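None of these values were measured; they are calculated from a predicted model.
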Amino acid sequence: MARRNQHSLETIKAMVLSAAETLVIEQGSSALTIRNIAAQIGYTVGSIYMAFDDRADVIGHINSLTLAELNRHLQPVPKPDVQALCLAYVSYAHSHYHRWQLWSETQAQDQGNKPVCVGYQAQVDALVGLFAAHLPAGSSPLSARTLWAGMQGVCTALLTAHADSVKDTEACALLLAARFC
């Protein structure tokens with residue numbers, strides 16, 4: 001076991017997030033436990049709790065990283081191509097399935113009055129803003145949130161049930177996108 005004084009708190013935080021991301025990517029969200037993270041980085045469970053409040057705090061930070069990556073993935077899609085945006089969203093959800101699924105599963109869970117993590121809401125707003133930028137001029141902000149929520153539903157229903165059903169998911173995404181063109 002490593003000693004706390006071997007690394008700064010910020011370094012331990014980075015180690016925890018790196019190990020947590022690796023666990024999620026390789027094994028899915030069920031493998032994401034504080035014990036597994038501690039074993040990965042060679043620290044005690046107590047050391048993890050010095051850097052993060054709890055498992056939900058770790059998940060919030062991973063989700064924030066996932067949102068940032070999703071935003072970067074969608075940025076290059078030419079505007080105002082709603083269909084291309086929806087296909088890029090499906091592509092991200094499929095190719096980063098475990099990370100996307102963790103975010104999708106936990107985003108709707110009530111965290112009480114506790115903020116998810118610094119900058120998280122700004123990233124959600126940026127994602128919705130990307131959807132808004134692809135919609136026809138004069139579309140309401142609610143349209144962008146509806147399209148984004150619809151894409152979440154399409155990916156959740158089809159990718160979660162059949163992780164290999166990308167073609168079906170793409171077809172449903174295009175049907176949804178057509179309603180917003």
Side-chain angles (χ1 to χ4, degrees), residues 17 20-33 36 54-112 114-117 119-136 139-181:
L17 289 176
E21 277 188 298
T22 300
L23 284 167
V24 170
I25 290 166
E26 293 177 358
Q27 301 174 42
S29 60
S30 62
L32 186 59
T33 67
N36 286 347
D54 51 26
R55 181 177 181 266
D57 191 20
V58 174
I59 289 172
H61 281 80
I62 292 171
N63 286 346
S64 185
L65 294 170
T66 299
L67 270 176
E69 185 178 75
L70 175 57
N71 274 308
R72 282 190 301 277
H73 182 80
L74 298 177
Q75 283 292 333
V77 176
K79 295 174 185 75
D81 194 340
V82 176
Q83 291 180 332
L85 181 70
C86 289
L87 290 176
Y89 191 93
V90 170
S91 167
Y92 181 87
H94 182 261
S95 61
H96 301 89
Y97 179 70
H98 289 297
R99 285 182 67 178
W100 177 85
Q101 184 183 37
L102 176 68
W103 171 61
S104 182
E105 287 174 349
T106 57
Q107 70 176 331
Q109 293 176 358
D110 183 10
Q111 302 295 319
K114 180 179 165 188
V116 177
C117 101
Y120 180 83
Q121 189 57 51
Q123 289 182 11
V124 170
D125 293 342
L127 183 59
V128 173
L130 268 172
F131 277 87
H134 283 78
L135 292 175
S139 296
S140 76
L142 187 57
S143 294
R145 285 201 173 275
T146 302
L147 177 57
W148 169 60
M151 284 307 304
Q152 282 292 104
V154 165
C155 290
T156 298
L158 295 173
L159 291 179
T160 302
H162 309 284
D164 296 327
S165 65
V166 177
K167 293 289 181 209
D168 289 344
T169 307
E170 289 175 341
C172 288
L174 290 174
L175 281 172
L176 177 64
R179 303 291 180 244
F180 289 87
C181 292

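Atom CG of L147 and atom CG of L142 lie 11.5 Å apart (nearest 0.5 Å). Atom OH of Y92 and atom CD of E69 lie 3.5 Å apart (nearest 0.5 Å). Summarising the geometry, atom CG belonging to L175 is positioned 9.5 Å from atom CD belonging to Q83; distances are rounded to the nearest 0.5 Å. L102 contributes atom CG, which lies 10.5 Å from atom CD1 of I25 (distance to the nearest 0.5 angstrom). The CG atom of L174 sits 11.5 Å away from atom CZ of R179, with the distance rounded to the nearest 0.5 Å. Rounded to the nearest 0.5 angstrom, L65 CG and E21 CD are separated by 5.0 Å.
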Inset, instruction - List the steps and the verdict of side-chain contact (heavy atoms from CB on, under 4.5 Å) for V77 and H134. - result: CA-CA 9 Å; V77 176; H134 283 78; 3.6 Å; yes
Legend entry - Chi angles and distances behind the side-chain contact (heavy atoms from CB on, under 4.5 Å) call for M151, V90: CA-CA 8 Å; M151 284 307 304; V90 170; 3.6 Å; yes
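Looking at N71 and Q75, their side chains never bring a donor and an acceptor atom within 3.5 Å of each other. With no hydrogens or angles considered, no side-chain donor-acceptor pair links T146 and S143 at under 3.5 Å.
R55 and S29 make their closest contact through NH2-O, 3.3 Å (heavy atoms, listed as atom of the first residue, atom of the second, distance). In plain terms, the two heavy atoms of I62 and L32 that are nearest each other are CD1-CD2, 4.0 Å. Shown here for D125 and R145, the closest heavy-atom pair between the two residues is OD1-NH2, 3.4 Å. Closest of all the heavy-atom pairs between H73 and S91 is NE2-OG, 3.8 Å. Nearest heavy atoms, P136 versus F180: CD-O, 3.2 Å. The nearest pair of heavy atoms linking A20 to V58 is CB-CG1, 3.8 Å.
Within the 4.5 Å cutoff, side-chain heavy atoms of V124 are placed close to those of W148.
In this structure, the side chain of S64 does not engage the main chain of G60 through any donor-acceptor pair within 3.5 Å.
Checked against salt bridge (Lys or Arg N to Asp or Glu O under 4.0 Å), D81 has no partners two or more places apart in sequence or in another chain. Taking the ring pair (Phe, Tyr, Trp, His ring centres under 6.0 Å) definition, one finds that H98 meets it with nothing, sequence neighbours left out.
Residue R99 is tested with T66, L70, N63 for a side-chain contact (heavy atoms from CB on, under 4.5 Å); the sole match is T66.
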